[in-house]
S.K.: 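Before we start, here is the structure in question, set down as structure tokens.
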Amino acid sequence: MTDLMVQAEGVRKRYGRVEVLQGIDLEVRKGAVMCIIGPSGSGKSTFLRCINHLEKVDGGRLTVDGQMVGYRESGGRLYELRDREVCQRRAEVGMVFQHFNLFPHMTVLDNVTIGPVRVKGEAKTSATRRAGELLDQVGLAEKSGAYPRQLSGGQQQRVAIARALAMQPKLMLFDEPTSALDPELVGDVLDVMRSLADKGMTMIVVTHEMGFAREVGDSLVFMDQGVIVESGPPREVLSNPVQERTQAFLSRIL
């Protein structure tokens with residue numbers, strides 16, 4: 001058994017002639033929070049999408065809890081898993097996007113229960129009970145019968161977090177979860193994420209919220225042009241960056 005939740009070794013991803021990931025090596029331990037920062041186009045979101053096989057890697061190895069993502073190895077060669085097997089493994093990784101992607105024709109409660117019922121075959125009664133607990137956890141128990149259009153952006157994002165948690169994931173991925181929100185709505189979403197971290201959820205967070213990274217993150221990674229430029233404890237990287245590229249980036253946003 002390993003205490004690593006995510007391990008990336010030389011991960012590469014190419015779109016045509018553009019190599020957006022140029023050999024990513026990193027490790028995330030179980031129960032840890034890793035924050036990833038960097039300019040637009042640096043490969044941050046692509047790397048997150050590779051973790052749950054929404055994007056296929058073109059090179060290297062990527063494992064979640066000791067299992068390769070989207071592939072199996074036999075005789076020293078990699079073979080892509082069938083769609084059903086990929087979906088089963090993907091169900092163990094929750095992902096929250098910039099935009100909430102809720103089903104507009106479904107109530108909040110139905111948005112949260114559909115995954116466990118449809119994908120995992122869970123009984124509607126138990127899925128509904130846990131959904132109620134999760135909505136209470138994110139401060140939206142009274143909104144279970146509402147539709148997404150009746151919610152603020154921050155509320156919709158908290159529903160999206162509850163929806164991801166309903167699948168009982170071992171890992172949560174957040175792709176700039178507050179970037180589409182009005183500033184006054186950001187705090188409620190970050191509070192939910194802090195609560196998850198306090199409860200020991202393993203998380204990888206692509207973010208521009210440096211305060212969150214400093215306070216909650218166990219490690220901070222700065223990416224640029226498809227490579228990891230610098231990494232280390234968040235307070236150390238943010239206060240005393242070593243690399244010139246990190247210094248230049250932080251000087252523009254801090």
Side-chain angles (χ1 to χ4, degrees), residues 5-6 26 28 31-55 64 90-104 108 111-112 114-115 131 134-140 143 146 148-149 151-223 234 238 249 253-254:
M5 180 60 75
V6 177
L26 60 74
V28 183
V33 177
M34 172 178 282
C35 294
I36 303 178
I37 63 173
S40 297
S42 60
K44 310 182 301 295
S45 296
T46 299
F47 178 66
L48 277 198
R49 293 172 66 85
C50 287
I51 292 176
N52 65 359
H53 205 59
L54 288 174
E55 298 284 356
V64 174
R90 187 179 289 145
E92 298 179 335
V93 181
M95 188 160 185
V96 178
F97 300 87
Q98 295 180 40
H99 300 285
F100 328 117
N101 298 333
L102 300 178
F103 295 112
V108 165
N111 265 281
V112 177
I114 187 172
L134 290 169
L135 289 171
D136 184 57
Q137 182 178 329
V138 300
L140 292 172
K143 298 292 187 180
R149 65 180 180 275
L151 305 179
S152 70
Q155 290 172 329
Q156 290 186 61
Q157 192 63 294
R158 283 184 280 157
V159 173
I161 294 173
R163 179 182 59 184
L165 292 173
M167 297 295 285
Q168 298 178 288
K170 59 179 67 173
L171 168 68
M172 285 286 287
L173 309 175
F174 293 88
D175 187 6
E176 299 189 19
T178 61
S179 64
L181 302 179
D182 292 333
E184 67 268 22
L185 303 176
V186 168
D188 290 339
V189 174
L190 293 180
D191 285 345
V192 171
M193 295 169 64
R194 286 188 184 92
S195 176
L196 290 178
D198 290 342
K199 293 176 181 177
M201 174 62 74
T202 310
M203 299 160 57
I204 303 179
V205 185
V206 171
T207 185
H208 293 297
E209 301 292 339
M210 299 303 156
F212 176 88
R214 182 183 288 107
E215 298 165 19
V216 182
D218 296 294
S219 61
L220 181 66
V221 169
F222 170 62
M223 288 182 64
L238 293 173
F249 174 76
I253 64 173
L254 293 179

S.K.: Passes side-chain contact (heavy atoms from CB on, under 4.5 Å), Gln155 versus Val108? Steps please.
M.R.: CA-CA 10 Å; Gln155 290 172 329; Val108 165; over 6 Å; no
S.K.: Let me confirm one number: the CG-CD1 distance from Leu26 to Ile204, rounded to the nearest 0.5 Å.
M.R.: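 That separation rounds to 6.5 Å.
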S.K.: Rounded at 0.5 Å granularity, tell me how far CG in Leu151 sits from NZ in Lys143.
M.R.: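 That separation rounds to 6.5 Å.
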S.K.: Working note: Met193 + Val96, criterion side-chain contact (heavy atoms from CB on, under 4.5 Å); need CA distance, chi angles, decisive distance, verdict.
M.R.: CA-CA 11 Å; Met193 295 169 64; Val96 178; over 6 Å; no
S.K.: I need the Thr202 OG1 to Leu173 CG distance, nearest 0.5 Å.
M.R.: 10.5 Å
S.K.: Please find the pair of heavy atoms, one from Val216 and one from Ala197, that lie closest to each other, and give the distance.
M.R.: CG1-CB, 3.5 Å
S.K.: Show your reasoning for whether side-chain contact (heavy atoms from CB on, under 4.5 Å) applies to Met95 and Arg49.
M.R.: CA-CA 9 Å; Met95 188 160 185; Arg49 293 172 66 85; 4.0 Å; yes
S.K.: Donor-acceptor pairs under 3.5 Å, side chain of residues 157-164 to any protein atom, not counting sequence neighbours: which ones?
M.R.:
{"unit_1": "Gln157", "atom_1": "NE2", "unit_2": "Phe97", "atom_2": "O", "d": "2.9"}
{"unit_1": "Gln157", "atom_1": "NE2", "unit_2": "Pro177", "atom_2": "O", "d": "2.7"}
{"unit_1": "Arg158", "atom_1": "NH1", "unit_2": "Val138", "atom_2": "O", "d": "2.9"}
{"unit_1": "Arg163", "atom_1": "NH1", "unit_2": "Asn101", "atom_2": "O", "d": "2.8"}
{"unit_1": "Arg163", "atom_1": "NH2", "unit_2": "Phe100", "atom_2": "O", "d": "2.9"}

S.K.: Looking at Met172 and Leu165, what are the two nearest heavy atoms and their distance?
M.R.: SD-CD2, 4.0 Å
S.K.: So Glu92 and Val64, do their side chains get closer than 4.5 Å, heavy atoms only?
M.R.: no
S.K.: For Gly153 and Leu185, which heavy atoms make the closest approach, and how far apart are they?
M.R.: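 Distance-wise, the nearest heavy atoms are N-CD1, 4.1 Å.
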S.K.: So, for Pro39 and Ser42, which heavy atoms are closest and what is the spacing to 0.1 Å?
M.R.: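 Taking every non-hydrogen atom into account, O-OG, 2.8 Å.
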S.K.: Using the ring-ring contact (aromatic ring centres under 6.0 Å, His included) criterion, which residues pair with Phe47? Sequence neighbours excluded.
M.R.: none
S.K.: According to the ring pair (Phe, Tyr, Trp, His ring centres under 6.0 Å) rule, which pairs have a member within residues 197-222, sequence neighbours left out?
M.R.: Phe222-Phe249
S.K.: Measure from the side-chain N and O atoms of Asn111 to the backbone N and O of Phe103, and report whether any donor-acceptor pair falls under 3.5 Å.
M.R.: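 Judged by distance alone, yes, a pair lies under 3.5 Å.
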S.K.: For Gly217 and Pro234, which heavy atoms make the closest approach, and how far apart are they?
M.R.: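 Heavy-atom minimum between the residues: O-CG, 3.4 Å.
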S.K.: Looking at residues at least two apart in the chain, or sitting in another chain, which of them share a side-chain contact (heavy atoms from CB on, under 4.5 Å) with Thr46?
M.R.: Lys13, Tyr15, Val20, Leu21, Cys50
S.K.: Ser45 and Asp175: which non-hydrogen atoms are nearest, and at how many Å?
M.R.: OG-OD1, 2.7 Å
S.K.: How long is the straight-line distance from CD1 of Ile37 back to NZ of Lys44, given to the nearest 0.5 Å?
M.R.: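 Between atom NZ of Lys44 and atom CD1 of Ile37 there are 9.0 Å.
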S.K.: With salt bridge (charged side-chain N to carboxylate O under 4.0 Å, His left out) as the rule and sequence neighbours excluded, what pairs involving residues 198-217 come up?
M.R.: Arg194-Glu215
S.K.: Roughly how far apart are Glu176 CD and Ser40 OG, rounded to 0.5 Å?
M.R.: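 It is 6.5 Å, given to the nearest 0.5 Å.
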S.K.: Under the side-chain contact (heavy atoms from CB on, under 4.5 Å) criterion, do Leu171 and Ile51 qualify, and how do the steps go?
M.R.: CA-CA 10 Å; Leu171 168 68; Ile51 292 176; 4.0 Å; yes
S.K.: How long is the straight-line distance from SG of Cys35 back to CG of Leu238, given to the nearest 0.5 Å?
M.R.: 9.0 Å
S.K.: Just jot down the side-chain contact (heavy atoms from CB on, under 4.5 Å) partners of Ala131, sequence neighbours excluded, or say none.
M.R.: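 Here the qualifying residues are Leu109, Val112, Thr113.
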